[in-house]
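Worksheet: one structure, shown below.
Just the heavy atoms: all of them, side chains too, but no hydrogens, waters or symmetry mates, feed the values below.
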Amino acid sequence: MAFNKRLAPPRILGLPLGAAIAGLATMTGALFSVVLPSPEGLAAMLAAIAVMPFGIAAALIGDDVTFVRVYWQSRRERRIAAREGLWL
């Protein structure tokens, strides 16, 4: 199956955009938890832990987001199933 590159989600350092943003938030929160005093450091660590599952999910889904979007758009507009989305 051919993959149209113009439909591909944006990438930063080879990671999908959502995974890159969540990874940056996780690393920033972990760094701030070491640098900031106790109550703010704990809040930063909790924020880093809370963002981590979103980054993992975005890394696992990756380029399949494009196919899901194409599948739902074609189904909504034409009431047919696109070949790219039949794995759903």
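Remark: Ile21 pairs with Leu17 by the side chain to side chain contact (heavy atoms under 4.5 Å, CB included) rule, at least two apart or across chains. With sequence neighbours excluded, the residues forming a side chain to side chain contact (heavy atoms under 4.5 Å, CB included) with Leu36 are Phe32, Glu40, listed by chain and number. For Phe54, the side chain to side chain contact (heavy atoms under 4.5 Å, CB included) criterion is met by no residue, not counting sequence neighbours. The side chain to side chain contact (heavy atoms under 4.5 Å, CB included) search around Ala19 returns Leu15, Pro16, Ala58, Ala59, not counting sequence neighbours.
Leu42 and Val35 fall into different hydrophobic clusters, where Ile, Leu, Val, Met, Phe, Trp and Tyr residues are linked whenever their side-chain heavy atoms come under 4.5 Å apart, directly or through other members.
In this structure, Gly41 and Ser33 approach most closely via the heavy-atom pair O-CB, 3.3 Å.
Residue Ile49 belongs to a hydrophobic cluster whose other members are Met45, with links defined by side-chain heavy atoms closer than 4.5 Å. Under the 4.5 angstrom side-chain criterion for Ile, Leu, Val, Met, Phe, Trp and Tyr, Met27 has no cluster partners at all.
No donor-acceptor pair closer than 3.5 Å links the side chain of Thr28 to the backbone N or O of Ala25.
In this structure, OG1 on Thr26 lies 8.0 Å from CD1 on Ile56, to the nearest 0.5 angstrom.
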